[in-house]
Amino acid sequence: MSILITGGAGYIGAHTCVELLNAGYEIVVIDNFYNSQKESLTRVSEITGKSFPFYMCDIRDRAGLEKIFKNEKPEAVIHFAGLKAVGESCRLPLEYYDNNVSGTLTLCEVMQQFGCKNLVFSSSATVYGENNISPLKETMPAGGTTNPYGTTKYMIEIILQDLCKADKDFSVCLLRYFNPIGAHESGRIGENPNGIPNNLMPYITQVAIGRREKLSVFGNDYDTHDGTGVRDYIHVVDLAKGHVKALDYCIKNTGAEIFNLGTGTGYSVLDVVNAFKKASGADVPYEIAPRRPGDIATCYSDPTKAALILGWYAEKSLEDMCRDSWRWQSKNPNGYGE
Ligand code: NAD
Ligand code: UD1
């Protein structure tokens with residue numbers, strides 16, 4: 001019996017593979033390497049001292065999935081595979097709906113066919129939309145997403161909840177991630193964005209390493225303690241450990257359950273810049289730029305439900321996140337490419 005990890009070569013997937021192997025699980029990875037390299041999986045093996053099978057396969061490839069399910073007989077699936085760039089999703093909505101929504105449908109159909117009915121899904125705090133007030137709780141109304149990427153996550157949540165209503169043997173954990181940053185403390189695996197980073201931490205580390213001239217801080221006139229946007233940054237290793245707990249829960253239960261995975265603490269853009277400078281000793285020149293369309297002032301979680309039901313809570317500090325992001329960036333200035 002093993003756990004199938006879709007998108008396991010990606011940023012969060014690779015860190016979760018490490019935690020699953022450390023927890024004694026057997027894993028099988030599938031990835032189409034659209035946004036990742038095989039090297040990340042080699043490094044997962046190096047870090048853990050364990051090997052595992054991986055398949056280059058697209059989740060929309062039904063025949064490919066059937067073969068893998070037949071060979072590997074997974075007991076559960078952790079489903080990371082998907083496209084995740086907000087701006088790109090506005091330009092290429094059909095690709096996003098096809099990859100994320102159709103891909104998940106195909107995966108679930110094959111799971112059902114093979115009697116594998118435990119699924120942990122990567123959702124996002126983006127499904128809370130613009131209208132809920134932080135701290136965000138799982139009981140708040142979801143929807144009102146502002147871009148196709150967010151809408152795919154919302155649609156998939158609904159599809160999986162409907163699946164659990166129709167098939168009482170199915171068990172699904174919908175994990176709503178807040179803002180994952182940081183890297184494994186070995187500095188061997190980390191976030192490796194293509195092109196110009198959209199997200200704050202990879203942009204900061206690329207400025208610090210000299211690949212970009214300066215950070216643009218998108219707005220300093222929000223209603224926050226210093227005027228810059230506030231988010232719930234969570235260390236990717238804490239997030240990965242949350243998947244191990246969610247998997248344990250998923251295997252023992254049925255039905256659909258939603259969990260926030262966040263720290264419950266919000267930090268502003270300037271808090272992160274200052275913490276990063278302190279942790280790295282590197283300079284991060286920045287300028288104040290106009291607000292980024294679609295951004296909200298404040299977004300952070302109420303993480304109580306995951307603590308109560310899964311026994312999971314984030315342990316690492318903003319300083320840990322900054323130190324580990326910097327270690328990864330400085331040891332791998334060009335990501336997995338060098
Ligand atoms: P990532 O791009 O690093 O990882 C996704 C992986 O899925 C990549 O290895 C990619 O090659 C693979 N993939 C994409 N489409 C595929 C397909 N059709 N078939 C097989 N493999 C495919 O992204 P990540 O940051 O590790 O995110 C993992 C999941 O978490 C995604 O679903 C993402 O939407 C979600 N999420 C991420 C964040 C974040 O800030 N990183 C926040 C909320 C939710
Ligand atoms: C973004 C996405 C969200 C997605 C998440 C993880 C948008 C509107 N939201 O969230 O859907 O789930 O990434 O992939 O794109 N910032 C700067 N300068 C930068 C980059 C960011 O000031 O160069 C600020 C932002 O305005 C925000 C904070 O830093 O206040 C965090 O931004 P980011 O890392 O992009 O995450 P989110 O916007 O929270």
Side-chain angles (χ1 to χ4, degrees), residues 5-16 29-38 40-41 55-61 64-65 78-90 95-96 98-100 102-104 106-107 121-128 130 145-147 149-150 152-153 156 175-181 190-194 196-204 206-207 212 214-220 222 224 228-234 236 239-240 243 261 266-270 272-273 286-300:
I5 319 292
T6 76
Y11 172 47
I12 305 169
H15 287 85
T16 303
V29 169
I30 73 169
D31 203 298
N32 66 358
F33 300 107
Y34 173 81
N35 195 36
S36 54
Q37 286 91 17
K38 286 190 189 123
S40 67
L41 296 177
Y55 296 83
M56 181 162 167
C57 179
D58 193 295
I59 53 165
R60 292 162 296 179
D61 172 3
L65 284 184
I78 305 185
H79 177 30
F80 295 103
L83 304 180
K84 63 163 186 177
V86 171
E88 186 183 64
S89 78
C90 298
E95 274 83 341
Y96 273 67
D98 180 40
N99 201 82
N100 295 5
S102 302
T104 302
T106 305
L107 174 68
F121 174 64
S122 299
S123 189
S124 167
T126 195
V127 303
Y128 286 109
E130 295 181 305
T145 45
T146 53
N147 55 74
Y149 163 72
T152 66
K153 293 292 176 190
I156 296 167
L175 304 183
R176 292 181 178 165
Y177 309 157
F178 281 70
N179 290 58
I181 60 172
E191 191 172 9
N192 187 28
N194 280 331
I196 302 171
N198 295 308
N199 297 117
L200 180 64
M201 184 53 88
Y203 207 105
I204 289 178
Q206 290 195 8
V207 170
R212 317 228 165 251
K214 57 180 177 248
L215 172 74
S216 295
V217 174
F218 298 141
N220 68 347
Y222 286 107
T224 61
T228 66
V230 166
R231 297 292 182 273
D232 185 341
Y233 297 95
I234 173 163
V236 66
L239 190 75
H243 289 73
L261 293 186
Y267 289 107
S268 73
V269 176
L270 293 181
V272 176
V273 169
Y286 69 84
E287 64 177 5
I288 303 299
R291 291 181 177 194
R292 182 172 65 178
D295 275 356
I296 54 173
T298 301
C299 171
Y300 62 92

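As the structure lists them, so they are numbered: ligands from 1, and atoms in each ligand from 1.
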With sequence neighbours left out, write down each residue that passes side chain to side chain contact (heavy atoms under 4.5 Å, CB included) with Asp61, or none if nothing qualifies. Cys57, Asp58, Ala63
Answer yes or no: is there a donor N or O on one side and an acceptor on the other, between the side chain of Thr6 and the main chain of Ala81, under 3.5 Å? yes
Output the set of protein residues with a heavy-atom contact under 4.0 Å to ligand 2, ordered first by chain identifier and then by residue number. Val86, Ser124, Thr126, Tyr149, Asn179, Asn198, Asn199, Leu200, Leu215, Ser216, Val217, Phe218, Gly229, Arg231, Tyr233, Val269, Arg292, Asp295
With ring pair (Phe, Tyr, Trp, His ring centres under 6.0 Å) as the test, would you mind laying out the steps for Phe80 and His15 before giving the verdict? CA-CA 12 Å; Phe80 295 103; His15 287 85; over 10 Å; no
Expected rows: ligand 1 N/O, protein N/O, dist below 3.5 Å:
from: ligand 1; atom 1: 2 (O); to: Asn35; atom 2: ND2; distance (Å): 2.6
from: ligand 1; atom 1: 3 (O); to: Tyr11; atom 2: N; distance (Å): 2.9
from: ligand 1; atom 1: 9 (O); to: Gly10; atom 2: N; distance (Å): 3.3
from: ligand 1; atom 1: 9 (O); to: Asp31; atom 2: OD1; distance (Å): 3.2
from: ligand 1; atom 1: 9 (O); to: Asp31; atom 2: OD2; distance (Å): 2.6
from: ligand 1; atom 1: 9 (O); to: Ser36; atom 2: OG; distance (Å): 2.7
from: ligand 1; atom 1: 11 (O); to: Asp31; atom 2: OD1; distance (Å): 2.7
from: ligand 1; atom 1: 11 (O); to: Asn32; atom 2: OD1; distance (Å): 3.4
from: ligand 1; atom 1: 11 (O); to: Tyr34; atom 2: N; distance (Å): 3.1
from: ligand 1; atom 1: 11 (O); to: Asn35; atom 2: N; distance (Å): 2.9
from: ligand 1; atom 1: 11 (O); to: Ser36; atom 2: OG; distance (Å): 3.3
from: ligand 1; atom 1: 13 (N); to: Asn32; atom 2: OD1; distance (Å): 3.3
from: ligand 1; atom 1: 15 (N); to: Asn99; atom 2: ND2; distance (Å): 3.1
from: ligand 1; atom 1: 18 (N); to: Asp58; atom 2: OD1; distance (Å): 3.1
from: ligand 1; atom 1: 18 (N); to: Asp58; atom 2: OD2; distance (Å): 3.4
from: ligand 1; atom 1: 18 (N); to: Asn99; atom 2: OD1; distance (Å): 3.0
from: ligand 1; atom 1: 19 (N); to: Ile59; atom 2: N; distance (Å): 3.0
from: ligand 1; atom 1: 21 (N); to: Asn32; atom 2: N; distance (Å): 3.2
from: ligand 1; atom 1: 21 (N); to: Asn32; atom 2: OD1; distance (Å): 3.2
from: ligand 1; atom 1: 23 (O); to: Lys84; atom 2: NZ; distance (Å): 3.4
from: ligand 1; atom 1: 25 (O); to: Lys84; atom 2: NZ; distance (Å): 2.7
from: ligand 1; atom 1: 26 (O); to: Tyr11; atom 2: N; distance (Å): 3.2
from: ligand 1; atom 1: 26 (O); to: Ile12; atom 2: N; distance (Å): 2.8
from: ligand 1; atom 1: 32 (O); to: Phe80; atom 2: O; distance (Å): 2.8
from: ligand 1; atom 1: 32 (O); to: Lys153; atom 2: NZ; distance (Å): 2.9
from: ligand 1; atom 1: 34 (O); to: Tyr149; atom 2: OH; distance (Å): 2.9
from: ligand 1; atom 1: 34 (O); to: Lys153; atom 2: NZ; distance (Å): 3.1

Determine, step by step, whether Tyr222 and Asp295 satisfy the side-chain contact (heavy atoms from CB on, under 4.5 Å) criterion, reporting the C-alpha distance in whole Å, the side-chain angles of both residues, the deciding distance to 0.1 Å, and the verdict. CA-CA 10 Å; Tyr222 286 107; Asp295 275 356; 3.6 Å; yes
For Thr104, what residues pass the side-chain hydrogen bond (donor to acceptor under 3.5 Å, both in side chains) criterion, not counting sequence neighbours? His79
Only one of Leu175, Thr16, Ile234, Asn179 clears side-chain contact (heavy atoms from CB on, under 4.5 Å) with Leu239; which? Ile234
Any side-chain to backbone donor/acceptor pair from Tyr11 onto Ile181? Under 3.5 Å, distance only. yes
Greater than 12 external heavy atoms within 6.0 Å of Phe218's CZ: yes
Is the closest side-chain heavy-atom distance between Tyr149 and Asn100 below 4.5 Å? yes
